[in-house]
Each structure stands twice: as C-alpha cells, then as structure tokens.
Amino acid sequence: MNINFYVTCIADALKANVAKQSVLLLEQLGCKITFLEKQGCCGQPALNSGYNQQAIPAIKNLITTFEANNYPIVAPAGSCVHAIKSYATYFPDEPEWAERANRLAERFYDLTDFIVNQLKVTQVGAKLNGTAVYHPSCSLFRKLGVVHEPVTLLQNVEGLKLLPIQNQTTCCGFGGTFSVKMAEISGEMVIEKAEHIKEVQPDYLIGADVSCLINIGGRLQREGSPIKVLHIAEVLMSR
C-alpha cells in the first residue's frame, strides 16, 4: 500500500527515532512511504491556545501539501491527528476550504489505528522481555476513540507483560500549552501519574503520543526512576 507519512514537529525535532522506527515498521508491513517535504506544523499549539486565525496559514499549507496524492496519511501522534481531523471547524466562512479539510481528515490515521484497522495486522513479530505500563493519551483514547488497537499490538509482543495501574486513563497533565499556562496543576497531575506507574515497578512505560511520554518520562527521570520510556513504534520494532 502507498501511504504518506506525517512526521509531526516533536518527532522531527526531539524524537527522530520514533519517526524512523514508525517508517521502518510500516515498510516491514508492506507499505511504500511517501514523505511530502512541504509538510509543516499542524497548527495544534496555536489552536490549543485559542489563536485560531494565526493557525490558518499552517492549516492551509498542510491541506494543500497532502492534496498532492490520495494516499492514506499516517502519523505517530494522536494529538496531531485529532487536530487535523478538526480542521473543517475553523473554516465557517470558507466552505471550499472546509470541504478540502474534510477530505484530508478522512485520509489521516494514527499509526496503531492504521496498522490494526486498515492493514488488518495485530502481530508484527516484535519481541521485548519485561513488564510495561501503557499510557493511553487523551487525544488517542478520548478524542479519536483509539482504545484497543495499541493494547492489542502490545499484547502480541513476545516476552512483554502489560501491568494495570490506578487511574490508568487519567490525563498525565501535559495537554499541550496547558502545561505552560497551568504549570502548577499540570505538575501535580504528572506527579500523581508517575506515582501510580512506580507502584507496579514496570521495566517500561509505553505510549503512542510523544508529548505525553516526554512529560511523564521527564518526571520519572527527575525522581531517579530506572523505568525506560518507549514510544509504541520503538516497541513494535524490537527484536
């Protein structure tokens, strides 16, 4: 299958290995990757902060860029996918752009959603010995409804045991610019999340959204925790 890969800003700037492993995984599953170089930020930081009009140039650039072909578009971050799937709402007075946004939204997939529901794959041949806690990000779990797909893929990783924790689906406190504007509240939320994770003493913390992993991983690191933080793409490429 021919697909477009949307790298996202955080993967591009901070977590290049997540992007690399996502591409290698998709290629392993038989996909031919196209990377459209004019892609840029999805505008989510501005949108989250209420600067909708300032985000429009970035939104229009992304829409125009991915109109270059009709391939499905896959990204390793639910937060960006959700932002893009909401584009049409920002064009109440521009119906043509709203329609183009809707057509784009139909082609965008989170990585795990695409693998399980489009490629019909639940076992990728990964092997990773140890125990892990999976953190379901709010964007993926609540906004996109991608609940079982990442868990199913992880349950089929040979040697890996998933551990439940208290309040597993509670927000980690990142929430994009929320963590800056409401730093004290955000800090308390991630402290609570880290405590619940440490209670079960896993070898790994796994997630499908880099921003959440950076937030929780940073807290664990500051507390001197040995728990290794991995994006699900890195886990699924483990051998």
Side-chain angles (χ1 to χ4, degrees), residues 1-15 18-19 22-23 26 31-119 136-147 149 171 174-182 186 208-212 214-215:
M1 183 184 293
N2 290 305
I3 67 168
N4 294 302
F5 184 72
Y6 181 55
V7 66
T8 77
C9 296
I10 291 183
D12 183 42
L14 300 176
K15 293 290 183 179
V18 170
S22 297
V23 169
L26 290 166
C31 296
K32 182 179 180 182
I33 308 296
T34 295
F35 184 83
L36 298 171
E37 294 186 6
K38 290 185 179 180
Q39 63 178 271
C41 179
C42 67
Q44 181 186 176
L47 295 173
N48 283 349
S49 301
Y51 297 105
N52 297 352
Q53 288 305 307
Q54 289 83 344
I56 293 299
I59 291 173
K60 288 185 174 180
N61 172 69
L62 208 63
I63 293 171
T64 303
T65 297
F66 283 109
E67 286 176 334
N69 59 50
N70 290 317
Y71 304 158
I73 309 157
V74 181
S79 58
C80 295
V81 174
H82 176 261
I84 293 162
K85 284 184 173 294
S86 303
Y87 275 178
T89 62
Y90 300 106
F91 294 106
D93 301 317
E94 297 182 83
E96 180 184 343
W97 277 103
E99 177 57 31
R100 291 168 71 178
N102 279 325
R103 288 197 297 267
L104 178 71
E106 292 172 356
R107 295 164 52 208
F108 246 95
Y109 298 91
D110 158 72
L111 177 68
T112 62
D113 177 24
F114 184 76
I115 291 172
V116 173
N117 296 318
Q118 300 303 311
L119 298 182
S137 72
C138 293
S139 294
L140 203 63
F141 181 83
R142 292 184 172 85
K143 296 179 179 180
L144 293 177
V146 179
V147 178
E149 292 85 347
C171 178
F174 181 69
T177 52
F178 170 80
S179 61
V180 178
K181 292 183 175 181
M182 303 289 183
S186 172
D209 245 312
V210 173
S211 52
C212 296
I214 290 175
N215 187 40

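Position 1 is the first residue of the sequence, and the numbers go up from there.
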statement: Exactly one candidate in Asp110, Leu111, Asn117 meets side chain to side chain contact (heavy atoms under 4.5 Å, CB included) with Glu149; the answer is Asn117
- request: Show your working on side-chain contact (heavy atoms from CB on, under 4.5 Å) between Tyr109 and Val81 and close with a plain yes or no.
  value: CA-CA 7 Å; Tyr109 298 91; Val81 174; over 6 Å; no
Donor-acceptor contact below 3.5 Å, side chain Tyr6 vs main chain Phe66: no
- prompt: Hey, is CZ on Phe35 packed in by over 12 heavy atoms from elsewhere, all under 6.0 Å?
  reply: yes
task: Determine, step by step, whether Leu36 and Asn69 satisfy the side-chain contact (heavy atoms from CB on, under 4.5 Å) criterion, reporting the C-alpha distance in whole Å, the side-chain angles of both residues, the deciding distance to 0.1 Å, and the verdict.
output: CA-CA 10 Å; Leu36 298 171; Asn69 59 50; 4.3 Å; yes
message: Let me confirm one number: the NZ-OG distance from Lys15 to Ser211, rounded to the nearest 0.5 Å.
response: 11.5 Å
- request: Could you walk me through whether Tyr90 and Leu47 pass the side-chain contact (heavy atoms from CB on, under 4.5 Å) test, one step at a time?
  value: CA-CA 10 Å; Tyr90 300 106; Leu47 295 173; 3.7 Å; yes
query: Where is the tightest heavy-atom contact between Cys138 and Cys171, given as atom of each residue plus distance?
result: SG-CB, 3.5 Å
- prompt: Between CG of Leu62 and NZ of Lys38, what distance do you get to the nearest 0.5 Å?
  reply: 13.0 Å
field: Close side-chain approach of Leu26 to Ile3, heavy-atom, < 4.5 Å
entry: yes
Minimal non-hydrogen separation, Thr65 against Gln39, with atom names: CG2-N, 3.6 Å
message: Any side-chain to backbone donor/acceptor pair from Ser179 onto Gly175? Under 3.5 Å, distance only.
response: no
query: How long is the gap from OG on Ser137 to NZ on Lys143, to the nearest 0.5 Å?
result: 9.5 Å
- prompt: Measuring from Phe174:CZ to Asp209:CG, what's the distance to the nearest 0.5 Å?
  reply: 9.5 Å
- prompt: Are any of the side-chain heavy atoms of Tyr87 and Cys42 separated by less than 4.5 Å?
  reply: yes
- request: Taking the side chain as every heavy atom from C-beta outward, state whether Pro76 and Thr8 have any atom pair closer than 4.5 Å.
  value: yes
query: In Å and rounded to the nearest 0.5 Å, what is the SG to CD1 distance from Cys41 to Ile59?
result: 9.5 Å
task: With rounding to the nearest 0.5 Å, note down the distance linking CD1 in Ile115 to SG in Cys31.
output: 8.0 Å
query: Taking the side chain as C-beta and beyond, is there a heavy-atom pair between Ser79 and Gln44 under 4.5 Å?
result: yes
task: Check whether any side-chain heavy atom of Lys181 sits under 4.5 Å from a side-chain heavy atom of Ser49, and report yes or no.
output: yes
field: Side chain proximity check, Asp113 to Leu144, heavy atoms < 4.5 angstrom
entry: no
Asn4/Arg107 under side-chain contact (heavy atoms from CB on, under 4.5 Å): CA gap, chis, key distance, verdict: CA-CA 10 Å; Asn4 294 302; Arg107 295 164 52 208; 3.5 Å; yes
query: Ala105 and Lys85: which non-hydrogen atoms are nearest, and at how many Å?
result: O-NZ, 2.6 Å
- request: Could you label the plane-to-plane angle of the Phe91 and Trp97 rings as parallel, tilted or perpendicular, counting under 30° as parallel and over 60° as perpendicular?
  value: parallel
